[in-house]
Each structure stands twice: as C-alpha cells, then as structure tokens.
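No hydrogens, no waters, no symmetry mates; every other heavy atom, side chains included, goes into these values. Note that the structure is a prediction, hence the values are computed from the model and not measured. Protein chains get the first letters and strands the later ones, always in sequence-line order, with residue 1 at the start of each.
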2 protein chains.
Amino acid sequence: MNKKINEINPQTLAFLAKCLADENRLRILFCVSKEKKSVSTIVEELQLSQPLISHHLKELKRSLLVNVERCGPFVYYELSDDRILSILEKLSELGDDLLKARISF
Amino acid sequence: MNKKINEINPQTLAFLAKCLADENRLRILFCVSKEKKSVSTIVEELQLSQPLISHHLKELKRSLLVNVERCGPFVYYELSDDRILSILEKLSELGDDLLKARISF
DNA sequence: TCAACATATAAATGTATATTTATATAATTA
DNA sequence: TAATTATATAAATATACATTTATATGTTGA
C-alpha cells in the first residue's frame with residue numbers, strides 16, 4: 001500500500017531536502033554511494049578541504065543519510081540507504097525534463 | 001533505459017533540492033497538487049501572508065516546479081509535473097524509515 | 001610516552017534566504 | 001476614469017548556512 005499525500009509531513013521532508021540542497025553534500029553522497037570511503041579519500045576525490053568535508057559529513061550523519069564506522073585511525077562513511085540514490089536520480093531526471101520542456105516553448 | 005549516476009549533475013540537483021527545502025514551499029506544492037489554485041486561495045488555505053506566498057510562488061516558478069496561468073484578476077498556479085509529488089512521497093517514506101531504523105538501535 | 005597521521009571542532013566571516021512591512025502594478029467594475 | 005480587488009515587488013530585517021582558518025582530539029607505531 002502506498003503512502004498518501006496527507007500522511008506526508010512537510011517538516012520532516014524539508015529537513016531531508018535541506019540536507020540534499022547543497023552541491024558539495026550531493027557530491028559526497030555520490031562519492032560514498034558505491035562503497036564506504038574514509039574521510040581522507042573523500043577529501044582527495046572531491047578536492048575540498050578536510051574541515052569542509054568533515055562538516056558536511058556531520059550534517060549528512062545528522063540527517064541519517066550516511067552510516068559511520070571507525071576502523072583504526074580511519075573513519076569510513078557510506079550511504080545509509082540505496083533509495084537515496086534512486087530518489088536523486090529521479091529528481092535529476094525530472095529536472096532535465098522540466099528544462100527541456102521549458103526550452104521547447 | 002535508466003539514467004546512470006555519472007549523468008547526474010549535482011548543480012542542477014542542488015538547485016531543485018534547494019527549492020524543495022522549505023516547509024512553506026512544500027506546503028504550497030501540496031496545496032496546488034490536485035488542482036490549480038489562485039494565490040488568494042493558497043493564502044487562505046495555508047494561513048500565510050500574501051507577499052510571502054507570492055515570494056515562494058516566484059521561487060517555485062523559477063525552478064519550473066509550478067505552471068502559472070492568469071485568468072482575469074486571478075493568477076492560478078499548479079504543479080508542473082506529477083512526478084514531483086511521487087518523488088516527495090518517496091523521500092518522505094525514506095525519511096520515516098531512516099528514523100525508524102535509528103530508533104530501533 | 002612521543003611523534004605522526006587522521007579526523008573533528010571552534011571561531012570568524014561572508015553570503016544567501018525567509019519573513020515582514022510598505023508600496024506598486026494589473027485587472028475589473030461602477 | 002475612479003475605486004476596488006488581486007497579485008507582485010522593494011526595502012528592511014533577521015536568521016541560517018557554507019566556507020575558511022586555526023586548533024583540538026583521537027589513534028597508531030616507534
């Protein structure tokens with residue numbers, strides 16, 4: 001059975017969307033979507049400062065979008081749920097289509 | 001054929017997500033999701049000031065999430081694509097599940 | 001325990017954005 | 001055309017948030 005519209009809580013939804021509304025956080029999510037990665041690896045791959053990455057990882061953790069796991073001196077982050085990725089894909093596709101539709105008028 | 005991850009543009013995605021990251025804008029989207037409604041109707045239903053509604057409608061229009069149509073003195077807004085709603089439903093469901101999973105530990 | 005590395009946090013700064021208040025524009029009708 | 005209604009815009013304010021710089025904490029191995 002599917003969720004009905006009126007069961008949706010705009011507050012919860014806004015909280016999640018806010019976390020997804022930053023380009024760097026999205027890049028981090030994609031970065032850790034295939035496999036867990038250490039902070040230093042993410043820093044290297046995304047070419048952003050370590051404190052900035054740490055700050056965004058903290059936000060992503062607070063929003064429960066990533067799982068954290070310490071292993072020795074390294075801290076590994078990974079996507080907490082694969083649906084995150086599929087939702088972002090759908091949103092991206094929608095964005096593309098909206099843009100296409102606009103241009104074609 | 002589905003979209004691949006690497007085709008996703010984080011910038012476009014962040015732009016859309018930013019527009020969805022406000023509780024009042026989400027309420028407006030739900031408000032106009034079943035039928036087109038005039039600004040004054042939205043104002044009345046959501047109990048927000050008219051300039052605030054107008055401001056958010058402008059943002060929603062800028063992000064192509066709503067369509068606008070003038071009819072006499074009234075301006076009607078409606079959801080531009082039904083996928084918006086289904087994506088929001090999925091995101092909401094995900095949020096609920098993430099929360100449930102967290103509490104159960 | 002000390003040195004080196006990995007990550008997190010704090011303070012400071014700049015910028016973006018939500019909201020309110022006041023006013024302007026646009027359309028209708030008398 | 002004046003008055004009224006509907007909506008949009010502008011200015012002002014407050015707040016939230018991203019980023020940088022500096023520093024602290026935690027872990028490992030010598």
- prompt: Rounded to whole angstrom units, what separation is found between the CG atom of Leu52(B) and the P atom of dT19(C)?
  reply: 5 Å

message: We want to know whether Glu45(B) and Thr41(B) form a side-chain donor-acceptor pair, criterion being a heavy-atom distance below 3.5 angstrom.
response: no

task: Establish, with yes or no, whether the OP1 or OP2 oxygen of dT19(D) is under 4.0 angstrom from a side-chain nitrogen or oxygen of Asn24(A).
output: yes

statement: Leu48(A) atom CG is separated from dT7(C) atom C1', nearest whole Å, by 16 Å

field: Distance in angstrom units between Glu59(B) CD and dT17(C) P, rounded
entry: 7 Å

- prompt: Are Phe74(A) and Leu57(A) joined in one hydrophobic group, where the rule is that I, L, V, M, F, W and Y side chains link up if heavy atoms are under 4.5 Å apart?
  reply: no

- request: Could you state the atom-to-atom distance from NE2 of His55(B) to P of dA10(D) in whole Å?
  value: 12 Å

query: Of the non-hydrogen atoms in Leu98(A) and Ser63(B), which two are nearest, and what is the gap between them?
result: CD1-O, 4.2 Å

field: Residue mapping more 5' on DNA chain D - nearest nucleotide basis, Asp22(A) or Pro73(A)
entry: Asp22(A)

- request: Return the nearest nucleotide to the side chain of Arg25(A); candidates are dT20(D), dA18(D), dT7(C).
  value: dA18(D)

field: Short side-chain N/O contact from Ser40(B) to OP1 or OP2 of dT7(D), under 4.0 Å
entry: yes

message: Quick one: does any side-chain atom of Arg70(B) pair with a main-chain N or O of Gly72(B) as donor and acceptor, under 3.5 Å?
response: yes

- prompt: Which whole-number value in Å describes the distance from Ile42(A) CD1 to dA8(C) C1'?
  reply: 14 Å

task: Assign Tyr77(A) to base, sugar-phosphate, or nothing according to its heavy-atom contacts below 4.0 angstrom with the strands shown.
output: sugar-phosphate

query: Do the side chain of Gln50(B) and the base of dA6(D) come within less than 3.5 angstrom through a donor-acceptor pair of N or O atoms?
result: no

message: What is the separation between atom CZ on Arg62(A) and atom P on dA16(D), rounded to the nearest whole Å?
response: 12 Å

task: Report which part of the nucleic acid His56(A) touches: base, sugar-phosphate, or nothing (heavy-atom distance under 4.0 Å, all strands).
output: sugar-phosphate

Residue whose nearest DNA chain D nucleotide is more 5′ - Val39(B) or Arg70(A): Val39(B)

- prompt: Honestly curious: do Leu46(B) and Ile84(B) fall in one hydrophobic cluster under the side-chain, below-4.5 Å linking rule?
  reply: yes

message: What is the distance, to the nearest angstrom, from the NZ atom on Lys58(A) to the C1' atom on dT19(D)?
response: 15 Å

field: Length of the OH-C1' vector between Tyr76(A) and dA6(C), whole Å
entry: 11 Å

